[in-house]
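The first residue of the sequence shown is numbered 1, and numbering continues consecutively from there. Here the structure is a predicted model, which is why all the values come from computation and not from measurement. Values reported hereafter were calculated over all heavy atoms of this structure, with side chains retained and with hydrogens, waters and symmetry mates removed.
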Amino acid sequence: MEGTVAVSDAPLPARAGVRFRDLSVPEGPLRAGLRAAFERVLDHGMLLMGPEVEAFESTFAAYCGVGDCIGVASGTSALYLALRALGIGPGDEVITTAMSWIATANAIAAAGAVPVFADIGDDLNIDAETIPPLLTTRTRAILPVHYTGRLCDMQAIGAIASANGLRVIEDAAQAAGARTAAGRHAGSFGHAGAFSLNPMKLLPGYGEAGAVVTSDPELRPRIEAMRYLGTVDREICHEVELNHKMDALQAAFLIEGMKCLPQIIERRQQIAARYAAGLADVVACPSLDGPEGSRPVFFDFTVEVAERDRLREALAGAGIETKIRHPILMCDQPAYRHLPPTPVPRARQAVARILSLPIHEKMSDPEVDRVIAAIRKFHDAG
Ligand SMILES: *Cc1c(COP(=O)(O)O)cnc(C)c1O
């Protein structure tokens, strides 16, 4: 019946296939740390804005090399609050990429502004060269997405922004830990950066969570008020906002998750290198290098292949889960079809060819090799 949940203690059947993600937490230091964090929060009982929220904020700000971090309810909230706190709203246009998860465009629209979709480059990130033709007198900001965990060309984007007096808000939801050779982190290039910390992302929470990072000291008080119904001192309401708070349990879990982030990134980079070595001659693989000497953190390993749908079926037949991330460009979503169209030929070509392969830190080398072998077999069969 709709709405009922079947609960059973029977063990789940062992899965023979290669899973796209594996969000389970095996026994080990992380699981022990999560359990201890849970106990601590239960002991003190400050479940909503407990001390863990501030502790997580200062840990993550230091990690990203920024002045401040504000913990919020989700990556979508983080984007929305960053835009609102920077004064972007009705009458404004925000230039973003055509290819991202719909949360990017929805945050812009929810703030009251209009998303304007630029084209992408071969790295699947916004192509800075396609931004200038989209500028109008209403353009207020550029919102690049470090898609798949790969940094955008922030030098080119920053140059366009400063020449035109625009704000830059980075959607770093997929890119926690991505940084240039000089150590500059995703989220630290613009006026504000937004992270999603949900279990699918690089720095995983164990539910919904997000964060805004910034080095603008004026943003913290504004976002702190906005994340709790627009109130100052939690009682005086100056502006209408909804509830976007991060809870203490998520913050406590995220502090534990931070300890694993370097290993998560390293393992994903190893898997990406193994995929690239095994596949580069048969499908278009993402580059292992990003701008300014950066290395992508591989939220996704997305290949491009003409026979994408047939390949996806063949892999499913071999027990290998893949994803098309995402099958509909943001500008083509029914919610945005009323907007004047912008030319996005490369994004249109890519959306028919992209396929994200399984990549997660629990994947073993034999599992990676199984994916490689299945793709090579498909290729050799023509
Ligand atoms: C996940 C994601 C978001 C939204 O984050 P939530 O925490 O799910 O709200 C925004 N942008 C991108 C690129 C994402 O991948």
Check: Y80 ring centre within less than 6.0 Å of H244 ring centre: yes

Is any side-chain N of the basic residue among R19 and D22 closer than 4.0 Å to the acidic one's carboxylate O? yes

Please determine whether side-chain contact (heavy atoms from CB on, under 4.5 Å) holds for the pair V283 and E304, giving the CA-CA distance in whole Å, both sets of side-chain angles, and the decisive distance to 0.1 Å. CA-CA 6 Å; V283 293; E304 281 195 62; over 6 Å; no

Presence of salt bridge, R268 and E361, under 4.0 angstrom: yes

Centroid-centroid distance, F195 to F60, less than 6.0 Å: yes

Answer yes if I320 and V303 sit in the same cluster of Ile, Leu, Val, Met, Phe, Trp and Tyr residues linked by side chain heavy atoms under 4.5 Å apart, and no otherwise. yes

With a cut-off of 3.5 Å and sequence neighbours excluded, list every side-chain donor-acceptor pair involving residues 372-382.
| residue | atom | partner | partner atom | Å |
| --- | --- | --- | --- | --- |
| R376 | NH1 | G278 | O | 2.8 |
| R376 | NH1 | D281 | OD1 | 2.9 |
| R376 | NH2 | D281 | OD2 | 2.9 |

Heavy-atom side-chain contact between T97 and I120 under 4.5 Å: yes

Between S356 and R325, is there a side-chain donor-acceptor contact under 3.5 Å, judged purely by atom types and distance? no

Other residues, nucleotides, ligands: >12 heavy atoms within 6.0 Å of E239 CD: yes

Short N-O contact, R346 and D122, less than 4.0 angstrom: yes

Determine the interplanar angle of the F38 and F253 rings, folded into 0 to 90°, and report it as parallel if under 30°, tilted if 30 to 60°, perpendicular if over 60°. tilted

So with a 6.0 Å cut-off around CD of Q155, is the heavy-atom count from everything else above 12? no

I'd like to know if I264 and Y275 are part of one continuous hydrophobic network [Ile/Leu/Val/Met/Phe/Trp/Tyr, side-chain heavy atoms within less than 4.5 Å]. no

In sequence, state the C-alpha distance, the side-chain angles, and the governing distance for H44 and E52, and then conclude on side-chain hydrogen bond (donor to acceptor under 3.5 Å, both in side chains). CA-CA 11 Å; H44 69 54; E52 288 80 8; 2.9 Å; yes

Indicate whether the side chain of D216 and that of T214 have a donor and an acceptor atom separated by less than 3.5 Å. no

Compute whether any side-chain donor of one residue and acceptor of the other, for Y206 and E256, lie under 3.5 angstrom apart. no

Would you find more than 12 non-hydrogen atoms of other residues, nucleotides or ligands less than 6.0 Å from Q349 atom CD? yes

Are M200 and L197 connected, step by step, through hydrophobic side chains (Ile, Leu, Val, Met, Phe, Trp, Tyr) whose heavy atoms are closer than 4.5 Å? no

Under 4.0 Å between a Lys/Arg side-chain N and an Asp/Glu carboxylate O for E93 and R138? yes

Kindly give the cluster partners of Y228, where membership spreads through any ILVMFWY side chain lying under 4.5 Å from a current member. L229

NZ/NE/NH1/NH2 to OD/OE distance under 4.0 Å, R150 and E292: no

So does R370 pair up with E367, basic N to acidic O under 4.0 Å? no

So which heavy atom on F299 is nearest to which on G149, and how close? CB-N, 4.0 Å

Return yes if a side-chain donor-acceptor contact under 3.5 Å exists between Q333 and H326, otherwise no. no

When clusters are formed by joining ILVMFWY residues with side-chain heavy atoms under 4.5 Å apart, either directly or through shared neighbours, do V368 and L355 land in the same one? yes

Is Y336 reachable from V114 through a run of I, L, V, M, F, W or Y residues, each pair having side-chain heavy atoms under 4.5 Å apart? yes

Determine, stepwise, if the pair Q174 / H146 fulfils side-chain hydrogen bond (donor to acceptor under 3.5 Å, both in side chains). CA-CA 7 Å; Q174 304 186 354; H146 304 299; over 6 Å; no

Do the side chains of R220 and D68 get close enough for a salt bridge, i.e. N-O under 4.0 angstrom? yes

Please determine if R167 and D92 form a salt bridge, counting it only when a charged side-chain N lies under 4.0 Å from a carboxylate O. no

Between R274 and D369, is there a side-chain N and carboxylate O pair less than 4.0 Å apart? yes

Is the closest basic N to carboxylate O distance between R35 and E39 below 4.0 Å? no

If you link I, L, V, M, F, W and Y whenever their side-chain heavy atoms are under 4.5 Å apart, who else ends up in the same group as F189? I95, V116, I126, I131, L134, L135, I142, L151, M154, I157, I160, L166, V168

CZ (R31) with more than 12 external heavy atoms under 6.0 Å: yes

Would you please say whether a donor-acceptor pair under 3.5 Å links the side chains of T96 and T104? no

